[in-house]
Structures are given as structure tokens and as C-alpha cells.
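Only one structure is covered here, and it is reproduced in the block below.
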Number of protein chains: 2
Amino acid sequence: MVRAAAAKKSSPHVHEKRERRKSEIQHAALRAFRERGYHATTLDHIAEQLGVRKTALYHYFPDKDAILFECHREALGELERNLAEARRLKSPADQLRHVIEAHVRVMTETLDGSPLAFEVPSLSGERQREVVAGRDRYERELRRIIERGVRAGVFRDTDAKVAVFAILGAINWIARWWRPGGALSTAELGRQFSDHLVGGLGPLPRPRLVRSPKPRAARPRTRSKATS
Amino acid sequence: MVRAAAAKKSSPHVHEKRERRKSEIQHAALRAFRERGYHATTLDHIAEQLGVRKTALYHYFPDKDAILFECHREALGELERNLAEARRLKSPADQLRHVIEAHVRVMTETLDGSPLAFEVPSLSGERQREVVAGRDRYERELRRIIERGVRAGVFRDTDAKVAVFAILGAINWIARWWRPGGALSTAELGRQFSDHLVGGLGPLPRPRLVRSPKPRAARPRTRSKATS
DNA sequence: AAGAACTTTGAACAGTCGTTCAGTTTTCCA
DNA sequence: TGGAAAACTGAACGACTGTTCAAAGTTCTT
């Protein structure tokens, strides 16, 4: 115990170096997950990118799951930071715009285009619960922004839950087609996404063409309760 | 050879029954893939839902991959049929609206909410190539609709590629939160999606708030060439 | 009712991969 | 420079799971 305490404080920058290495491992893992997905990625794949045997990874993470978990923790942290920034803006439209553009930046720059969001179900037990809780917090906050926008009249009356899912789906899907070094800058991508996804919440410019003879009033008024 | 030919034509409705069973297997597989993803799904999981041992599946599909592949083929077929329907509509906005709503219907009703699109990389070799080719055809067609809308002035001048990715991302993500039996009808979900995603391509209702001092004209004019 | 065709089964195999661990190499500090 | 701490390795294990196959069970046809 005394030894452990002594070892812990022995040298601050040893611990720091270890953290840097952990981060390297995480990024190598993210790149591998992007190519093959979590389950199809072996520890050998990750280790190979680092010029190391897979057993070396166990000095930094207790198991494969933990690598994915740490990636999620970091990503969620960044997203929450974005939310905090957005809260300083006035209008719901600006807030939503900011969150979208910042989220796009996280997807492309921080996560290197990795499909982290796809791999939540790959986490097991307690870890999955924690990540899901964080994700739910984030989604709830986005929903609130939209609901305030609806109340303020800047957004069309819409199901906020569905709108948030549409927005996050579009963003998460970036992992499937965007690659670093593409012609499209992340800033421009973010801008186009926010134009598209925030703009789509505004009042409908044209009256919707009626496709069926049913009167529009017959449209059910239910608000969704999406299970899960 | 003669025997094989005779067996093939022996009875038409035997073949039909076999097809029905294949379809049952596919749907059981889809449900399993939804819960755990392709790689985390074992043949035992699929077989268990059918009250059968996993070896029985080999009478219908040569391997696990083939089950996923057949699901993809069917889904792509439906999507192409939707495109054909859309082509009969006049305006690009209506076409896009129709394709989106029909695609949402495929996601929820046909595919039972299964994340098929997530599992393209799980396919191997030749099969993956075929599915990717089909998907690319679909995406290209959507892009054309948007480009015509831009030329016609009903859509804002926007990068069609990015817009299509945003739309498909939102739709594919449905698999991650929608569950059969939810309060939201698939028709209503489709309508809200098309409102959101088509509406977002219209002219921006409000002038964009300038966040940085850089003049908007400085925005690069490049069209994206997303790698892959 | 009998035989053929179809369907399902149980056992077994083979390859993959996460994980453990004792020991070696490297790095760092006194 | 010597010794401790940290980083890494190689070998091996064990569980899982896709796949094969010969045989048993079932369904259908004549």
C-alpha cells in the first residue's frame, strides 16, 4: 500500500507518457474499427498498427471491451462540451446549428471518421449502460433545444424525438463515407449539414402536395413514444 | 444430369415452400442482426428462433454470409422499385419525398427495423461488391434527383452527394431506435422525415447568422469528392 | 403403402481469437 | 552505472462458432 502510493506519485510524467500511449492505442483501434467494425477487428489488427504484439495491449487495457469503452467516454465528453458551448448562444436555431457543426467536427477530426456510435451494442453490461446513459443525456438536451425552438415559433411543430434521431443519424452516418483527406473540409461539411438539418425544421416553404384523397386533418395527432 | 433436371421440374410448389422457409430464416436472421449485429449473431441464435438446430440452415444457405447477402438483395430490389415509382412523379421535390417515405417504409415494415445497411462491410468478397454496386446505383439516382431540383431552382445550391448521405444516414439510423409496435406509425414517420429532409434543401428561410468575420464569399467552391 | 425427395439432427472438427502468465527487453532515475 | 519499474514478448490455453457429414426423421407422390 505504501509502496503503491509511493509508486503512484513517483514521477508525474511517467504516468503522462502512459496516457499518451493509451491514446495511441485508442486511435489505432478506432481506425481498425472503422475498417472492419468492432467484432471483426482482432487485437492483432490493432497491435499491428502500433508495431507491437497484441499482448502488449493488456498493459494498458484490461480487455478488448475497455478500449472501445474508453473511446466512447472521450467522445461523449467532447459532445457534452459542445453542448455547454451551445448553451451560451441565444436562439435555439443557433444552438442547434452549433451543436451539429461541432458534432460533425468530432466525427471527422477527433474520431478520425470512426463509427463509434455504431458500436454501442458491442459494449457489454455495465459499460454499455454508462455509455447509453451518456448518449441519452445528449439526445435529451438536443430534444430540448428543438422543443424550445418549436415553442418560440422558429421551428415547425414537429416531433422533437424523431427530429433528433434524424439529425444524429445523418451525423453518425458520416463515418460510413467520409475519409480523412477528402476534398470536402470538415467545416464546410458541418455547415452544409446544419443548413440541411436545421433548415428542414423551419416552416415548410411550399404547401405539401396532397398525395392521397384523405384530408390532412385526418393525420393522427399522436406524439411518438419510440421504444428504447 | 438428367436426374438433376428431372428433380428440378418435379413439382413447382415444393420449390415454393422452400422459398417460404428461406424467407422465414431471413427474417429470423434480420431480427437477430438487429439485436446484436451480424458478427455477434451466431447461427444458433438464428436457428433457435425457428425451433431448429443450426445445421438445418445449411439446407437453405451455403454459409452465414449468404443469409445476409440474400437479405441485402431483397432490400435493394425494393429500393429500386421505389425509384421506379418515383420516376413517374413530376417535380424533383415530389420524387425525393416519395423515395424517402418509401425507404422509411422498407426500413420499418419490410426489414422489420433491421440495420441491414450497417452490415454491408460484413459481407465478403464478391457478394459485398455486388451489394455495394447496387447501393451506389441507388445513391446515384438520388443524387440526380437532387441535382435536377437544384437546376430547377426548387432546391438550394448544395452538394448533392453530401445531401444524399445526410438523407440516407437519417433513414438508416431508424434501425437503431425504431421498434415495431411503437406509437409512431410508419406513414407518419416517413412524412416527418420527408418534411425534415426535403424541406432542408429548400431556400434558407432566414439569412445565416455570420459567426466568423470572414465574408461568406470566401467559402470554397469545391464540389466534394468523398473518397469511397 | 412404399419409396423417393426433402428436412432436420447430433457429433465432431478446425480455425480463430481473447486472455493469461512467466520471463525478457527496454526505459528511467538515483 | 546499477537496479528498479515499465513495456513488451512468446507460448499456450480454452472457449466459441462456422462448417461438414453421415444418418435419422418427415413429407409427399404415386
Side-chain angles (χ1 to χ4, degrees), chain A residues 1-26 28-29 32-33 35-70 119 122-125 127, chain B residues 2-25 28-29 32-33 36-69 119 122-125 127:
Chain A
M1 320 245 158
V2 178
R3 284 185 53 82
K8 209 174 235 170
K9 77 168 68 166
S10 67
S11 60
H13 80 287
V14 161
H15 195 260
E16 187 184 298
K17 198 174 176 190
R18 180 183 170 84
E19 286 305 308
R20 219 185 349 253
R21 190 76 172 133
K22 281 184 76 167
S23 178
E24 277 177 29
I25 296 175
Q26 286 181 39
F33 295 159
E35 307 300 333
R36 317 171 205 253
Y38 174 79
H39 275 108
T41 299
T42 70
L43 292 180
D44 283 318
H45 289 141
I46 299 171
E48 192 184 359
Q49 284 193 53
L50 299 161
V52 139
R53 302 291 166 211
K54 65 177 169 183
T55 48
L57 304 179
Y58 283 86
H59 264 261
Y60 300 93
F61 298 93
D63 50 37
K64 189 186 174 192
D65 233 42
I67 303 177
L68 181 61
F69 178 63
E70 286 298 324
E119 302 293 2
S122 304
L123 288 167
S124 44
R127 285 168 183 156
Chain B
V2 178
R3 284 185 53 82
K8 210 172 233 169
K9 76 167 70 164
S10 65
S11 61
H13 80 287
V14 160
H15 196 259
E16 186 185 299
K17 199 174 174 189
R18 179 185 171 82
E19 286 304 309
R20 219 186 349 253
R21 190 80 174 129
K22 281 185 76 167
S23 178
E24 278 176 29
I25 295 175
F33 296 159
R36 318 169 204 253
Y38 175 78
H39 275 108
T41 298
T42 70
L43 292 180
D44 284 318
H45 288 142
I46 300 172
E48 191 183 1
Q49 284 192 55
L50 298 161
V52 139
R53 302 290 165 212
K54 66 178 170 184
T55 47
L57 305 178
Y58 283 86
H59 262 262
Y60 301 92
F61 298 93
D63 50 37
K64 190 186 173 192
D65 234 42
I67 303 178
L68 181 61
F69 178 64
E119 303 293 3
S122 303
L123 288 167
S124 43
R127 287 170 182 155

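Atoms considered below: every heavy atom in the structure, side chains included; atoms not considered: hydrogens, waters and symmetry mates. Each chain gets a letter, A, B and so on, in the order the sequences are listed, and its residues count up from 1.
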Produce the list of close N/O pairs, under 3.5 Å, pairing protein atoms with atoms of nucleotides 8-13 of chain D; give distances to one decimal.
{"from": "D/dC8", "atom 1": "OP1", "to": "A/R21", "atom 2": "NE", "distance (Å)": "3.4"}
{"from": "D/dC8", "atom 1": "OP1", "to": "A/R21", "atom 2": "NH2", "distance (Å)": "3.3"}
{"from": "D/dC8", "atom 1": "OP2", "to": "A/Y60", "atom 2": "OH", "distance (Å)": "2.8"}
{"from": "D/dC8", "atom 1": "N4", "to": "A/H59", "atom 2": "NE2", "distance (Å)": "2.7"}
{"from": "D/dT9", "atom 1": "OP2", "to": "A/R53", "atom 2": "N", "distance (Å)": "2.6"}
{"from": "D/dG10", "atom 1": "OP2", "to": "A/R53", "atom 2": "NE", "distance (Å)": "3.0"}
{"from": "D/dG10", "atom 1": "O6", "to": "A/T55", "atom 2": "OG1", "distance (Å)": "3.3"}

Under 3.5 Å, sequence neighbours excluded: what are the donor-acceptor pairs made by side chains of residues 46-62 of chain A?
none

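- Partners of A/D65 under the side chain to side chain contact (heavy atoms under 4.5 Å, CB included) rule, at least two apart in sequence or in another chain, are A/Y38, A/D63, A/L123, A/S124, A/R127.
- Put simply, CD on B/E48 is 15 Å from C1' on D/dT17, counting in whole angstrom units.
- To the nearest angstrom, P of D/dT19 lies 4 Å from OH of B/Y58.
- For A/R36, there are no salt bridge (Lys or Arg N to Asp or Glu O under 4.0 Å) partners two or more places apart in sequence or in a different chain.
- Taken residue by residue, residues 35-43 of chain A places heavy atoms nearer than 4.0 Å to DNA chain C at A/T41, A/T42, A/L43.
- Applying the side-chain hydrogen bond (donor to acceptor under 3.5 Å, both in side chains) rule to A/S23 yields no partners; only residues at least two apart in sequence or on another chain are considered.
- Regarding B/D63, its CG atom lies at a distance of 5 Å from the P atom of D/dT19, rounded to whole Å.
- Taking atom CZ of B/R18 as the reference point, atom C1' of C/dT8 lies 13 Å away to the nearest angstrom.
- What separates CG of B/D44 from C1' of C/dA11 is a distance of 14 Å, to the nearest Å.
- A residue-by-residue look at A/H45 and A/P62 shows that A/H45 has its nearest nucleotide of DNA chain C further toward the 5' end.
- For B/H39, there are no side-chain hydrogen bond (donor to acceptor under 3.5 Å, both in side chains) partners at least two apart in sequence or on another chain.
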Are there any protein N/O atoms within less than 3.5 Å of an N/O atom in nucleotides 25-27 of chain C, and if so, which ones and at what distance?
none

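- Spacing between atom NZ of A/K64 and atom C1' of C/dT19 amounts to 12 Å, rounded to whole angstrom units.
- The closest side-chain heavy-atom distance from A/R21 to A/R18 is not below 4.5 Å.
- We find that CD of A/E24 is positioned 12 Å from P of D/dA7, with the value rounded to whole Å.
- Between A/I46 atom CD1 and C/dC17 atom P the separation is 12 Å, expressed in whole Å.
- Partners of A/E119 according to the side-chain hydrogen bond (donor to acceptor under 3.5 Å, both in side chains) rule, which considers only residues two or more places apart in sequence or in another chain, are A/S122.
- Residues satisfying the side-chain hydrogen bond (donor to acceptor under 3.5 Å, both in side chains) test with B/D44, not counting sequence neighbours, are none.
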